[in-house]
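Contents: one structure, followed by commentary.
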Amino acid sequence: MKVRTRFAPSPTGFMHVGNLRTALYAWLWAKKNDGVFMLRIEDTDQARFVEGAEEMVYKTLRTAGLVWDEGPDIGGDYGPYVQSERKDMYLPYAKQLVEMGKAYYCFCTKEELEERRAAVEAEGGTFKYDKHCLSLSKEEVERRLAAGEPYVIRQNVPTEGVADFDDAIFGHISVDCAELDDMILIKADGMPTYNFANVIDDHTMGITHVLRGMEYLSSTPKYNLLYDAFGWEKPTYVHLTTIMRDATHKLSKRDGDATFEDLVNLGYLPEAIINYLALVGWSPGDEREFFTLDELKEAFSLEGLSKSPAIFDHNKLRWMNAEYIRRMDGAAYFEKAKPWLIKAGVGAMAEDPANEDIFIRILQPRTEIFSDIANVVDFLAELDEGYDTELFTNKKSKTNPEVSKAVLEAVIPLLEALPEWNETSLHDALIGFAAEKGMKNGTLLWPVRIAMSGRTVTPGGAIEIAALLGREETLRRLRLGLEKLNHEAGDICVG
RNA sequence: GCCUGGUUGGUCUAGUGGCCUAGGACGCUGCCCUCUCACGGCGGUAACAGGGGUUCGACUCCCCUACCAGGUACCA
């Protein structure tokens with residue numbers, strides 16, 4: 001039988017990474033088996049409908065590369081793919097269950113139930129619907145229905161015996177029917193509950209493997225009572241563990257955890273996010289860690305899925321993203337980096353073709369996520385002239401304000417006289433000068449770099465920075481540095 | 001509370017009774033490279049939740065305890 005999986009989000013907000021991972025695994029399993037990956041929107045709770053949420057699902061799945069074969073936007077043989085549009089399909093099935101005695105009409109109001117629930121819980125008990133309406137006579141039910149009284153349809157769970165099923169990850173799960181509540185199948189507004197719609201949809205849409213969150217594990221035995229009642233074949237269940245923020249809280253948008261979109265906006269590469277996510281709760285069984293979607297498709301297996309929840313490690317994601325960036329082709333990296341360079345105020349510099357190679361060399365190994373770029377190159381756009389001359393002192397380079405002053409005094413005319421301004425000429429002049437004077441390269445280059453950047457840590461060295469800044473700006477900054485040093489020396493004399 | 005699961009270093013994990021004096025990766029860290037910071041190279045650090053069994057032998061099987069999560073909605 002052809003494998004068919006589905007991703008069935010409810011359009012209630014953003015796509016957090018846990019959801020995305022569920023979609024990824026469902027996609028992988030379908031694709032690995034040359035099957036069909038289907039998208040279904042579960043909007044049975046109209047009170048929670050969020051405008052635009054459906055679009056967000058599409059957008060996320062697309063940028064993640066998880067293309068669906070059937071869905072609301074593209075259709076398919078099992079449509080419609082939006083639950084609210086399938087509304088009329090559910091009631092007949094529910095009625096069928098009523099006829100079989102596996103379900104019944106219930107006229108208890110929400111308010112009544114809440115009252116009873118509160119009363120039981122106040123005494124420390126667990127409320128369970130008492131099958132009150134199950135004892136209603138057929139005639140009374142007919143009469144109240146005819147009178148237009150609001151009703152729900154509840155599942156009639158046996159009071160004895162066990163309900164069970166086999167999960168691909170957790171094995172055999174069984175629970176006493178006595179523990180189970182008569183869940184509502186059809187709500188008073190005529191919509192099915194998630195529980196019921198799922199059973200009907202998964203069956204009528206030919207789903208063979210249900211991959212979904214752990215939160216459904218303990219209620220799945222109850223669903224299977226329904227499958228049994230209809231005589232339907234059950235799908236293979238694969239309950240996925242939750243992705244946690246820390247040991248006790250799961251990842252959630254509400255608590256400020258990053259969504260997929262947030263991560264992309266921060267400069268994470270979708271491929272890196274997907275790669276990382278695949279490894280949160282799944283292991284290929286060997287020691288590989290880098291996978292393209294195609295490679296994941298090959299390697300994916302249900303056996304590699306973990307039984308315990310996993311904490312989302314931003315650190316490792318960051319590392320993996322950096323690793324992806326370093327492996328990029330230089331030109332591709334530059335294309336990606338450009339918008340961030342423009343944002344950082346060095347757009348003009350980045351436009352100069354002569355600078356592309358320099359930017360790639362100094363930035364690519366230093367970029368972990370693209371949003372890092374701004375803070376790394378901002379000094380190129382504008383020098384913070386108030387920097388402390390203490391920066392000129394560096395023990396390892398054997399520099400201090402005095403040495404630096406001498407260096408700048410010598411370097412300024414040297415560079416003024418340079419016939420050409422590029423990395424090669426700068427390198428030859430500067431390194432040549434140091435060699436000629438018998439100085440350590442560091443002793444010469446340290447003060448130059450400090451004067452050009454006003455900071456001790458910079459991407460690249462003095463030569464690359466000078467090349468980027470250009471002759472005029474480089475000399476302006478060097479003169480300013482010298483001035484600061486002179487000023488300080490003066491102060492010391494006077495004082 | 002009750003029910004259902006889970007528990008290998010700080011984190012993600014490998015491990016399905018002897019291959020484990022527990023492997024890999026992130027992190028942290030030492031050294032090297034070096035005009036700074038990165039990158040890169042070579043090292044280091046750190047774990048089987050606790051207690052009982054079963055067995056010649058338990059990380060692996062069983063039981064109990066602890067802790068964590070999920071469920072216990074006319075939410076999904």
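Throughout, a chain's letter reflects where its sequence line sits, starting with A, and its residues are numbered from 1.
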In whole angstrom, give me the gap between the [atom1] atoms of [N] and [M].
{"N": "rG5(B)", "M": "rU55(B)", "atom1": "C1'", "value": "28 Å"}
{"N": "rU7(B)", "M": "rG15(B)", "atom1": "P", "value": "13 Å"}
{"N": "rA47(B)", "M": "rC26(B)", "atom1": "C1'", "value": "15 Å"}
{"N": "rC12(B)", "M": "rG71(B)", "atom1": "C1'", "value": "26 Å"}
{"N": "rA25(B)", "M": "rC64(B)", "atom1": "P", "value": "39 Å"}
{"N": "rU13(B)", "M": "rC48(B)", "atom1": "C1'", "value": "13 Å"}
{"N": "rG30(B)", "M": "rA38(B)", "atom1": "P", "value": "11 Å"}
{"N": "rU16(B)", "M": "rU60(B)", "atom1": "P", "value": "12 Å"}

Hey, is [X] close enough to [Y] for a salt bridge, meaning N to O under 4.0 Å?
{"X": "Lys250(A)", "Y": "Glu215(A)", "answer": "no"}
{"X": "Asp378(A)", "Y": "Arg455(A)", "answer": "yes"}
{"X": "Arg288(A)", "Y": "Asp286(A)", "answer": "yes"}

Rounding to a whole Å, what distance do you find between [X]:[atom1] and [N]:[atom2]?
{"X": "Phe433(A)", "N": "rC35(B)", "atom1": "CZ", "atom2": "C1'", "result": "15 Å"}
{"X": "Met328(A)", "N": "rC39(B)", "atom1": "CE", "atom2": "C1'", "result": "17 Å"}
{"X": "Leu240(A)", "N": "rG70(B)", "atom1": "CG", "atom2": "C1'", "result": "14 Å"}
{"X": "Met244(A)", "N": "rU11(B)", "atom1": "CE", "atom2": "C1'", "result": "13 Å"}
{"X": "Leu317(A)", "N": "rA25(B)", "atom1": "CG", "atom2": "C1'", "result": "14 Å"}
{"X": "Leu305(A)", "N": "rG15(B)", "atom1": "CG", "atom2": "P", "result": "13 Å"}
{"X": "Trp282(A)", "N": "rA14(B)", "atom1": "CH2", "atom2": "C1'", "result": "13 Å"}
{"X": "Leu217(A)", "N": "rG71(B)", "atom1": "CG", "atom2": "P", "result": "11 Å"}

Among [options], the nucleotide that comes nearest once only the side chain of [X] is considered:
{"X": "Ile173(A)", "options": "rG40(B), rU11(B), rG5(B)", "answer": "rG5(B)"}
{"X": "Thr458(A)", "options": "rA76(B), rU36(B), rG23(B)", "answer": "rU36(B)"}
{"X": "Ala310(A)", "options": "rA76(B), rC12(B), rG40(B)", "answer": "rC12(B)"}
{"X": "Ser283(A)", "options": "rA14(B), rG10(B), rG6(B)", "answer": "rA14(B)"}
{"X": "Lys316(A)", "options": "rA25(B), rC37(B), rU7(B)", "answer": "rA25(B)"}
{"X": "Arg366(A)", "options": "rG27(B), rC37(B), rC35(B)", "answer": "rC37(B)"}
{"X": "Glu289(A)", "options": "rA69(B), rA25(B), rA76(B)", "answer": "rA25(B)"}
{"X": "Lys396(A)", "options": "rG6(B), rU36(B), rC74(B)", "answer": "rU36(B)"}
{"X": "Arg154(A)", "options": "rC74(B), rU13(B), rG23(B)", "answer": "rC74(B)"}

Across the strands shown, which category fits [X] at heavy-atom distances under 4.0 angstrom: base, sugar-phosphate, nothing?
{"X": "Ala247(A)", "answer": "sugar-phosphate"}
{"X": "Thr443(A)", "answer": "nothing"}
{"X": "Val175(A)", "answer": "sugar-phosphate"}
{"X": "Ala462(A)", "answer": "base"}
{"X": "Glu464(A)", "answer": "base"}
{"X": "Lys440(A)", "answer": "nothing"}
{"X": "Ile311(A)", "answer": "sugar-phosphate"}
{"X": "Arg455(A)", "answer": "nothing"}
{"X": "Ser10(A)", "answer": "sugar-phosphate"}
{"X": "Arg117(A)", "answer": "sugar-phosphate"}
{"X": "Cys108(A)", "answer": "base"}
{"X": "Phe312(A)", "answer": "nothing"}
{"X": "Lys110(A)", "answer": "base"}
{"X": "Thr44(A)", "answer": "sugar-phosphate"}

Between Gln155(A) and Leu180(A), does a side chain to side chain contact (heavy atoms under 4.5 Å, CB included) hold up when you go through it step by step? CA-CA 10 Å; Gln155(A) 180 178 9; Leu180(A) 270 19; over 6 Å; no
So does Lys250(A) reach the base of rA69(B) with its side chain, donor to acceptor, closer than 3.5 Å?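 Counting by modelled atom types and ignoring angles, no donor-acceptor contact under 3.5 Å is found here.
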Between Asp181(A) and Tyr216(A), which residue's closest nucleotide on RNA chain B lies nearer the 5′ terminus?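 Mapping each residue to its closest nucleotide by heavy atoms, the 5'-most match is Asp181(A).
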With nearest nucleotide decided by heavy atoms, which residue, Thr242(A) or Glu179(A), maps closer to the 5′ end of RNA chain B?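 Taking each residue's closest nucleotide, the earlier one in sequence belongs to Glu179(A).
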In this structure, are over 12 heavy atoms from other groups packed under 6.0 Å from [X] atom [atom1]?
{"X": "Lys131(A)", "atom1": "NZ", "value": "yes"}
{"X": "Lys102(A)", "atom1": "NZ", "value": "no"}
{"X": "Glu436(A)", "atom1": "CD", "value": "yes"}

Within the structure, does a side-chain N or O atom of [X] lie under 4.0 Å from either OP1 or OP2 of [N]?
{"X": "Lys128(A)", "N": "rC3(B)", "answer": "no"}
{"X": "Arg449(A)", "N": "rC37(B)", "answer": "no"}
{"X": "Lys307(A)", "N": "rC68(B)", "answer": "no"}
{"X": "Trp319(A)", "N": "rC26(B)", "answer": "yes"}

Is any side-chain heavy atom of Leu341(A) closer than 4.5 Å to a side-chain heavy atom of Leu363(A)?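 They are in side-chain contact.
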Are a donor atom and an acceptor atom from the side chains of Asn198(A) and Tyr216(A) found within less than 3.5 Å of each other?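 No pair is found: no donor N or O on one side chain lies under 3.5 Å from an acceptor on the other.
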Given that both distances must come in under 3.5 Å, which nucleotide forms a Watson-Crick or G-U wobble pair with [N]?
{"N": "rA66(B)", "answer": "rU7(B)"}
{"N": "rC2(B)", "answer": "rG71(B)"}
{"N": "rC42(B)", "answer": "rG30(B)"}
{"N": "rC35(B)", "answer": "none"}

Is the positively charged end of Arg144(A) above the ring of Tyr151(A), judged by distance under 6.0 angstrom from the centroid and angle within 45° of the axis?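 No, Arg144(A) does not lie over the aromatic ring of Tyr151(A).
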